[in-house]
Student: 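After the structure tokens below, expect a handful of questions from me.
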Amino acid sequence: MANSIKRIRTLALVGQSGCGKTSLAEALLAKAGAIPAPGSVERGTTVTDYTPLEKQLQHSLKLAPASFDYQDHRIHLLDTPGYPDFLGHALPALAAVETAAIVINAQNGIEMMSGRFMQWAQKRALDRIVIVNKIDAENVDCEDVLERIQQAFGKECLPLNLPAGNRSKVSDCFFAPSGEADFSSVEDAHQKLIDQVVEVDEKLMEKYLEKGEVSPEELHEPLERALREGHLIPVLFASAKTGAGIGELLDVIIKLLPNPAEGNAPVYQSVPAGGGEPTELQAIPDPGRHALAHVFKIEIDPYIGRVAVFRVHQGRLTPNMQLFIGEGRKPIKPGHLYMLRGKHQTEVSEAIPGDICAIAKIDDIQFDHILHDSAADAHVHAKPLEMPTSVFGLAVQPKKRGDEQKVSDVLHKIMAEDPCFRLEHNAQANETVMRGLGEMHLRTVLEKMSSQYKLELETRPPSIPFRETIAAKAEGHSRHKKQTGGAGQFGEVYLKVEPLPRGKGFEFVDAVKGGAIPNQFIPSVEKGVRSVLEHGYVAGYPLQDVRVIVYDGKSHPVDSKDVAFVSAGRKAFMDALAKARPIVLEPIVNVEITAPDARMGDIAGELSGHRAHIKGSDTPRAGIVQISAQAPLAELEHFPARLKSLTAGHGTYSLEFSHYDPAPPQLQQKLIAAHKPQAEAE
Ligand SMILES: Nc1nc2c(ncn2[C@@H]2O[C@H](COP(=O)(O)OP(=O)(O)O)[C@@H](O)[C@H]2O)c(=O)[nH]1
Ligand SMILES: [Mg+2]
């Protein structure tokens with residue numbers, strides 16, 4: 001058992017689907033003796049693809065920790081899904097580890113997700129290694145793959161070992177560089193590694209230049225620094241299938257990869273109680289301090305209930321301590337702490353910095369929560385995980401009447417597990433919309449509903465989330481006066497409206513001088529103004545990117561009341577909107593398409609027929625084209641079906657919200673006209 005943080009290693013396996021992450025996890029677990037033999041993705045016998053749906057679909061759908069011991073070290077390995085649709089389950093892994101291992105499929109070379117994970121890991125200042133897997137496969141050219149890696153990710157990508165014996169094993173280039181290699185030479189690769197590492201340490205560099213060699217001990221600290229600074233990105237060759245390079249990979253993990261004290265410490269933020277700018281806060285990997293742990297995964301198992309998986313960054317967690325959940329004041333007692341290996345749980349007596357563990361059955365713990373043991377840390381938050389926006393939507397409705405509550409419960413469970421899955425209720429259209437990253441994401445949710453919970457849903461494209469804004473400045477005025485027998489109502493408001501830059505939302509400015517509207521009525525005016533926002537002015541859509549400046553008005557010593565100013569505020573705002581050239585905005589999305597390159601022309605034609613604008617295309621590998629485009633979401637309703645038929649099912653795509661743009665005049669008129677009869681009926 002590793003009782004010291006120096007003997008802990010944390011590592012996330014990330015990369016394109018199918019590159020072999022789950023199989024690598026099997027190979028590592030088996031080599032370390034944690035399981036008797038590697039399981040197989042095809043047979044559904046792997047440790048990390050343990051859910052029924054993963055076994056059925058034969059690919060990973062969620063993040064899965066696999067913790068195991070190897071030579072007196074504890075390794076916390078995180079397996080992640082590789083499809084862009086499941087990024088909500090993959091990106092959180094990067095918040096829990098010192099090292100990101102970007103896995104590359106030797107058959108395919110660099111794929112779309114390889115590059116994206118490389119960037120995300122760099123942004124979070126993680127140490128990075130590249131694992132080239134499947135070196136055993138037919139027609140693999142490892143030399144070419146290495147060249148492509150260096151072209152794409154830089155010359156700091158240097159091999160720590162090289163394929164040998166016609167790709168049946170690997171030869172070490174760092175510790176004992178003496179073997180043969182299929183290409184290049186072990187000595188040459190060794191030289192390049194040392195040259196690269198000593199560059200970060202001037203003194204060592206001098207010594208090296210003088211004496212021509214340095215000892216492995218002297219290299220340790222500079223190597224850690226080179227990894228931390230991204231000055232060295234080791235490349236390792238392996239085959240999860242034959243086991244080539246797996247023992248070597250384990251050795252590199254314990255000998256060279258950083259322990260939790262050696263990586264770049266994660267950045268937390270302390271957000272002041274009343275709101276305001278957060279201050280940065282460095283967690284200190286010391287078991288003697290206050291405890292800080294970050295919940296990066298929630299899983300709701302139909303039998304076990306809620307399991308919260310966290311990474312300890314500071315202090316020590318024990319089963320019987322009092323823990324606070326984020327800003328909550330009510331302490332909890334974990335009761336049991338578990339270390340996970342897929343669905344297998346092992347009870348442990350403590351968790352120290354670097355450990356990845358779980359607590360079960362505490363329903364208040366949510367994704368991204370901080371667990372801590374000091375009221376002083378109530379305002380500590382994790383540095384935000386930048387997640388892609390979920391724009392792909394489906395309006396859903398249970399097939400069976402009476403299932404509404406059950407469906408809603410299950411959808412909320414799925415939402416608790418997946419930060420990229422959202423539910424919206426569109427009151428205008430009276431529809432429940434689920435939103436995700438792509439078609440596959442939502443189809444998987446539907447399959448899970450059906451297979452695990454026996455709930456069937458009807459789906460249709462959702463209404464498009466149009467918005468309204470104004471295109472000009474204008475003034476508005478309203479006087480609310482009522483004299484009905486006894487007490488009267490009086491309030492008068494003058495205001496101006498101005499367009500704000502796109503995406504700025506709404507601003508209310510109180511510029512009233514000399515108490516023309518008494519202070520206590522300003523919130524009423526604001527309430528009246530805000531009451532217009534939800535349903536907009538011309539077409540019934542939420543209004544945004546508008547500033548309202550209330551600058552004058554009148555009150556009455558007896559008759560002025562809240563209701564009078566709410567009403568005057570609302571009407572003055574409507575008066576201004578009528579003159580401020582109100583327009584409808586439509587959502588524009590980034591579309592990334594991967595398809596056989598022979599279909600490029602058809603896809604481009606399909607896109608430009610729908611007001612899309614093609615930004616670029618790329619050929620990541622022979623026969624495959626990647627197209628980036630921007631398109632109005634309103635035009636993409638039939639795109640999934642079209643792409644499927646154009647590519648015989650081989651095309652994939654993902655959507656990402658970009659921005660709002662004014663809708664073209666014809667569409668504006670259509671939407672306004674569709675709203676009119678309703679408005680008149682009100
Ligand atoms: N030939 C060969 N096939 C592999 C290797 N590793 C994984 N595979 C196969 O590649 C496919 C995808 O593997 P999987 O581990 O699910 O990839 P993941 O999506 O990255 O988790 C499966 O059919 C595996 O059996 C390998 O080293 N060599
Ligand atoms: Mg997998």
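Ligands are counted one by one from 1 in listed order, and the atoms in each one are counted from 1 as well. Throughout, residue positions are numbered sequentially from 1 according to the sequence presented.
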Student: In terms of residue, atom name and distance, what is the protein heavy atom nearest to atom 17 (O) of ligand 1?
Tutor: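 Minimum-distance protein heavy atom for atom 17 (O) of ligand 1 reads G20 N, 3.0 Å.
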
Student: For atom 8 (N) of ligand 1, what is the closest protein heavy atom, and at what distance to 0.1 Å?
Tutor: K134 CE, 3.6 Å

Student: Can you name the closest pair of heavy atoms from P159 and C173 and give their distance?
Tutor: O-CB, 4.2 Å

Student: For S17, take its heavy atoms, then give the atoms of ligand 1 lying under 4.0 Å from any of them.
Tutor: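 That gives atoms 19 (O) of ligand 1.
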
Student: Can you name the nearest heavy-atom pair linking P177 to H190, along with the distance?
Tutor: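 Reported closest heavy-atom pair: CG-ND1, 3.4 Å.
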
Student: Using the six-membered ring of F367, assess whether NZ or CZ of K297 lies under 6.0 Å from its centre and within 45 degrees of the ring axis.
Tutor: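 Ring-cation test returns no.
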
Student: Heavy-atom pairs closer than 4.0 Å: do any link ligand 1 to the side chain of T22, the backbone, both, or neither?
Tutor: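 The answer is both.
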
Student: Could you please give the number of protein N/O/S atoms within less than 2.8 Å of the Mg ion (ligand 2)?
Tutor: 2

Student: Please confirm whether Y83 and H59 have ring centers closer than 6.0 angstrom.
Tutor: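 Yes, ring centres under 6.0 Å apart.
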
Student: Provide, to 0.1 Å, the distance between atom 23 (O) of ligand 1 and the closest protein heavy atom, together with that atom's residue and name.
Tutor: E42 OE2, 2.2 Å

Student: Can you confirm whether the side chains of E447 and T444 place a donor and an acceptor under 3.5 Å from each other?
Tutor: no

Student: For the ring pair F310 and F296, is the centre-to-centre distance below 6.0 Å?
Tutor: no

Student: E456: which residues meet the side-chain hydrogen bond (donor to acceptor under 3.5 Å, both in side chains) condition with it, sequence neighbours left out?
Tutor: S450

Student: Looking only at protein heavy atoms, identify the closest one to atom 7 (C) of ligand 1 and say how far it is in Å.
Tutor: S23 OG, 3.3 Å

Student: For atom 16 (O) of ligand 1, grab the closest protein heavy atom and report residue, atom and distance to one decimal in Å.
Tutor: V41 CG2, 3.3 Å

Student: Considering the heavy atoms of S239, write down every atom of ligand 1 situated less than 4.0 Å from one of them.
Tutor: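 Listed by number with element, the hits are 27 (O).
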
Student: What is the minimum heavy-atom distance between L227 and P234, and which atoms define it?
Tutor: CD2-CD, 3.5 Å

Student: Looking only at protein heavy atoms, identify the closest one to atom 27 (O) of ligand 1 and say how far it is in Å.
Tutor: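 I find the closest protein heavy atom is A240 N, 2.9 Å.
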
Student: Taking H369 for the side chain and I365 for the main chain, is one N or O donor matched with an acceptor at less than 3.5 Å?
Tutor: no

Student: For atom 6 (N) of ligand 1, which candidate among D136, D49, N133, D79 provides the closest heavy atom?
Tutor: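 When every heavy atom of D136, D49, N133, D79 is considered, N133 comes closest to atom 6 (N) of ligand 1.
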
Student: What protein heavy atom lies closest to atom 19 (O) of ligand 1? Include the residue and the distance to one decimal.
Tutor: G18 N, 2.7 Å

Student: Determine whether V47 and F68 satisfy the following criterion, side-chain contact (heavy atoms from CB on, under 4.5 Å), listing intermediate values before the conclusion.
Tutor: CA-CA 12 Å; V47 169; F68 60 99; over 6 Å; no

Student: L257 and R9: which non-hydrogen atoms are nearest, and at how many Å?
Tutor: O-NE, 3.1 Å

Student: Does ligand 1 have an atom that lies less than 4.0 angstrom from a heavy atom of G82?
Tutor: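 So G82 does not count as touching ligand 1.
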
Student: Does the distance from a Lys or Arg side-chain N to an Asp or Glu carboxylate O, for D85 and R443, drop under 4.0 Å?
Tutor: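 No, D85 and R443 are not salt-bridged.
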
Student: Can you sort out which atoms of ligand 1 are near K21, meaning under 4.0 Å from one of its heavy atoms?
Tutor: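 That gives atoms 15 (O), 17 (O), 18 (P), 19 (O), 20 (O), 21 (O) of ligand 1.
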
